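So you know, we letter chains A, B, ... as the sequences are listed, proteins then strands, and number each from 1. Just the heavy atoms: all of them, side chains too, but no hydrogens, waters or symmetry mates, feed the values below. All values derive from a computational prediction rather than experimental measurement.
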Number of protein chains: 2
Amino acid sequence: MTESEQVKDRKFVESLSRGLSILSAFDQTPGPLGNQEIAAITKLPKPTVSRMTYTLTKLGYLNYSERSEKYELGAINLTLGHAYTANLRIRQIAKPHMLEMAKEFNVNIGLATNVGYEMIFVDYCRGDLLKSVLVDIGSKLPMAKSAIGRSYLASLSKEQRDVLMPELAKIHGKDWPEVEKNLAEALDLYDEFGFTRSFGYWDRNINTVAVPLKLSENRIFCISCGGPDYVISTDTLLKVIGPRLIHVSRDISNSGL
Amino acid sequence: MTESEQVKDRKFVESLSRGLSILSAFDQTPGPLGNQEIAAITKLPKPTVSRMTYTLTKLGYLNYSERSEKYELGAINLTLGHAYTANLRIRQIAKPHMLEMAKEFNVNIGLATNVGYEMIFVDYCRGDLLKSVLVDIGSKLPMAKSAIGRSYLASLSKEQRDVLMPELAKIHGKDWPEVEKNLAEALDLYDEFGFTRSFGYWDRNINTVAVPLKLSENRIFCISCGGPDYVISTDTLLKVIGPRLIHVSRDISNSGL
DNA sequence: AATTTAATTCCGCTATGCGAAACTAATTGT
DNA sequence: ACAATTAGTTTCGCATAGCGGAATTAAATT
């Protein structure tokens with residue numbers, strides 16, 4: 001209905017979708033939001049937003065602050081994420097590998113999967129040295145610019161990838177030509193070496209390598225490993241960490257998930 | 001409508017509530033669930049569940065496994081929790097204190113708030129020694145049996161507490177007399193010492209002490225600190241850690257959140 | 001072949017949710 | 001003091017989105 005697409009999908013519950021899109025607004029735009037702002041972000045009509053925030057507040061998904069007269073996410077939002085990770089077998093399988101490498105090389109290691117056109121971390125281990133608070137479970141990285149996103153793309157067939165590309169192009173707008181070039185290089189290097197890399201590209205100071213894990217039923221997770229120059233050299237990443245990740249990837253693939 | 005309660009709340013969006021209750025089903029009962037099971041758990045009629053799971057799957061909140069013909073939570077469920085914690089000022093304030101104590105005493109420290117009749121952890125630091133995987137961000141503890149839950153109860157006025165008690169009684173069923181007795185003791189000791197305790201009660205091997213933090217607008221968070229006997233003695237908990245927590249609590253209360 | 005179990009689809013009905021417009025209330029400007 | 005602006009809520013008639021009993025399909029089990 002929104003545009004002109006679905007003539008009628010009797011099975012799709014619009015109001016549920018709308019309610020969830022209101023919660024998502026708090027991911028895109030942090031900080032307390034008023035109904036007006038929510039309406040602006042979600043493009044939903046004011047009374048609808050009003051009813052939805054009312055409902056979500058009653059259920060605990062939003063907290064209302066009398067002071068600011070705005071809404072914030074409620075703590076209950078943590079439960080679903082926790083339920084997700086708690087039942088994710090791949091985490092248990094990958095964890096020992098991740099801890100071992102994090103300790104041995106003092107690097108940060110993340111386990112992520114794709115959500116839409118981004119990668120989301122489902123687990124993360126830090127080396128002792130730096131606590132880059134930037135990344136944590138639930139945080140996202142762009143698919144095209146991060147090593148881990150690129151390893152996801154690398155795991156896809158050309159056809160699957162070609163479906164995504166236009167969307168990625170849209171996301172990156174005028175930067176796309178440059179992003180695409182860089183991405184294409186990274187994918188070529190993947191074909192050659194078996195892991196992807198992103199050196200100072202998504203974050204100027206961070207160098208990362210990553211590999212995909214292909215599980216059953218087309219589920220794909222990726223492991224990335226990296227850190228700032230002064231902790232881990234690009235040379236070590238390429239010569240030691242990358243190959244090690246490939247090994248880990250094989251190991252996990254054999255565990256039959 | 002459900003029972004006979006609300007005559008009519010024109011503002012409450014039932015289908016949103018139902019959709020969310022379906023997601024919550026995956027917290028109560030982990031593992032892949034089929035529509036039937038979801039219907040049983042949520043008491044919703046089958047076709048409704050069918051439509052909801054269809055919608056949630058389209059939006060990525062559920063993944064459908066062809067193999068098992070069941071649904072699981074999707075990774076996207078991590079984002080809201082992450083958005084919640086990322087914007088939670090108290091976490092940044094409390095973190096240094098928590099890290100310091102975790103390191104100094106090798107204990108586990110958690111920061112939690114109440115959700116319904118449970119406490120939910122919004123942050124957690126582990127001492128080096130044990131990684132009790134049981135507790136993590138997003139996991140919950142019972143309010144009446146855990147030190148941290150008791151410290152929440154202790155922070156309330158008698159009137160507020162009296163509202164909760166019948167609900168807690170309901171939750172604990174036939175165990176309530178015993179739970180209540182233990183809780184009452186703990187609350188008395190709180191009045192005397194300024195922190196609550198739970199020694200081997202919720203978990204036989206773990207001893208914990210906790211304090212509440214009262215923030216502005218009646219927001220309450222609690223910090224707990226504990227570990228197994230062989231890492232931290234109850235004596236140290238009572239003589240050193242407890243008082244230290246009180247100090248931390250004062251510190252944070254002065255930070256004007 | 002018959003039975004059981006689970007998911008989906010059908011389809012008529014109406015309660016539900018919609019949203020334009022009206023209304024409140026608070027803030028700002030002149 | 002009085003518009004004007006901005007944000008949130010409420011109203012209310014209407015359309016239909018969503019409901020759910022019942023039928024249907026599809027697999028698994030006996």
Side-chain angles (χ1 to χ4, degrees), chain A residues 1-23 25-26 29 31-59 61-74 217, chain B residues 1-23 25-26 29 31-59 61-74 217:
Chain A
M1 287 268 328
T2 334
E3 310 260 59
S4 64
E5 0 136 1
Q6 320 135 293
V7 197
K8 219 161 220 168
D9 189 346
R10 305 276 267 115
K11 279 185 287 183
F12 192 80
V13 180
E14 203 66 41
S15 21
L16 172 53
S17 169
R18 287 169 162 207
L20 289 168
S21 81
I22 282 177
L23 286 179
F26 289 83
T29 314
L33 297 178
N35 279 339
Q36 188 90 322
E37 297 165 86
I38 297 171
I41 295 167
T42 58
K43 318 280 187 199
L44 293 171
K46 273 200 295 174
T48 299
V49 172
S50 213
R51 260 175 284 130
M52 295 290 178
T53 52
Y54 173 86
T55 306
L56 291 169
T57 303
K58 269 214 159 175
L59 297 171
Y61 289 85
L62 291 180
N63 289 337
Y64 183 67
S65 157
E66 298 284 352
R67 270 231 303 67
S68 65
E69 298 186 285
K70 303 202 165 183
Y71 298 91
E72 287 185 277
L73 292 175
E217 300 195 78
Chain B
M1 289 273 325
T2 335
E3 309 261 60
S4 63
E5 0 135 0
Q6 319 135 294
V7 197
K8 219 160 217 169
D9 189 347
R10 305 275 266 115
K11 279 185 288 184
F12 193 81
V13 180
E14 203 66 42
S15 21
L16 172 54
S17 171
R18 288 170 160 204
L20 289 168
S21 82
I22 283 178
L23 286 178
F26 289 85
T29 315
L33 298 178
N35 279 338
Q36 187 90 324
E37 297 166 86
I38 297 171
I41 296 168
T42 59
K43 319 281 189 197
L44 293 171
K46 272 201 295 173
T48 298
V49 172
S50 211
R51 262 175 284 129
M52 294 290 178
T53 51
Y54 173 86
T55 306
L56 291 168
T57 303
K58 269 214 158 176
L59 297 172
Y61 289 85
L62 292 180
N63 290 336
Y64 184 66
S65 157
E66 298 285 350
R67 271 234 299 65
S68 64
E69 297 186 288
K70 302 201 167 184
Y71 298 90
E72 287 186 276
L73 291 175
E217 300 195 78

**Request:** Look at the side chain of A:Ser50 and the backbone N and O of A:Pro47, then say whether any donor-acceptor pair between them is shorter than 3.5 Å.
**Result:**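 Flag not set: sc A:Ser50 to bb A:Pro47 has no pair under 3.5 Å.
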**Request:** Give the ring-plane orientation class for B:Phe12 versus A:Tyr54, where under 30° counts as parallel, over 60° as perpendicular and anything between as tilted.
**Result:**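 Answer is perpendicular, since the angle exceeds 60°.
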**Asked** With sequence neighbours left out, what residues match B:Thr55 under side chain to side chain donor-acceptor pair (under 3.5 Å)?
**Response**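 B:Thr55 satisfies side chain to side chain donor-acceptor pair (under 3.5 Å) with no residue once adjacent residues are dropped.
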**Item:** Test side chain to side chain donor-acceptor pair (under 3.5 Å) applied to A:Glu37 - qualifying residues, sequence neighbours left out
**Value:**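 With sequence neighbours excluded, A:Glu37 shows a side chain to side chain donor-acceptor pair (under 3.5 Å) to A:Lys70, given in chain and number order.
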**Prompt:** Taking only side-chain nitrogens and oxygens of B:Ser15, does any of them come within less than 4.0 Å of OP1 or OP2 of D:dG18?
**Reply:**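 False: B:Ser15 side-chain N/O out of range (4.0 Å or more) of D:dG18 OP1/OP2.
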**Prompt:** Between A:Gly19 and A:Leu56, what is the shortest heavy-atom contact and its length?
**Reply:**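 Looks like O-CD1, 3.8 Å.
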**Asked** Taking all atoms of both residues into account, what is the closest heavy-atom pair of A:Ser21 and A:Leu44, and its distance?
**Response**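 A:Ser21 and A:Leu44 have their closest heavy atoms at OG-CD1, 3.9 Å.
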For [X] and [N], give me the distance from atom [atom1] to atom [atom2], rounded to whole Å.
X: B:Arg18; N: C:dG17; atom1: CZ; atom2: P; value: 8 Å
X: A:Arg67; N: C:dA26; atom1: CZ; atom2: P; value: 17 Å
X: B:Met52; N: C:dT8; atom1: CE; atom2: P; value: 14 Å
X: A:Phe12; N: C:dT8; atom1: CZ; atom2: P; value: 16 Å
X: A:Leu44; N: C:dA20; atom1: CG; atom2: C1'; value: 16 Å

Please enumerate all protein N or O atoms sitting under 3.5 Å from an N or O of nucleotides 6-11 of chain D, with distances to 0.1 Å.
residue: D:dA7; atom: OP2; partner: A:Gln36; partner atom: NE2; Å: 2.7
residue: D:dG8; atom: OP1; partner: A:Asn35; partner atom: N; Å: 3.3
residue: D:dG8; atom: OP2; partner: A:Gln36; partner atom: N; Å: 2.5
residue: D:dG8; atom: N7; partner: A:Lys46; partner atom: NZ; Å: 3.2
residue: D:dG8; atom: O6; partner: A:Lys46; partner atom: NZ; Å: 3.1
residue: D:dT9; atom: OP2; partner: A:Asn35; partner atom: ND2; Å: 2.5
residue: D:dT9; atom: OP2; partner: A:Ser50; partner atom: OG; Å: 3.0
residue: D:dT10; atom: OP2; partner: B:Lys11; partner atom: NZ; Å: 2.9

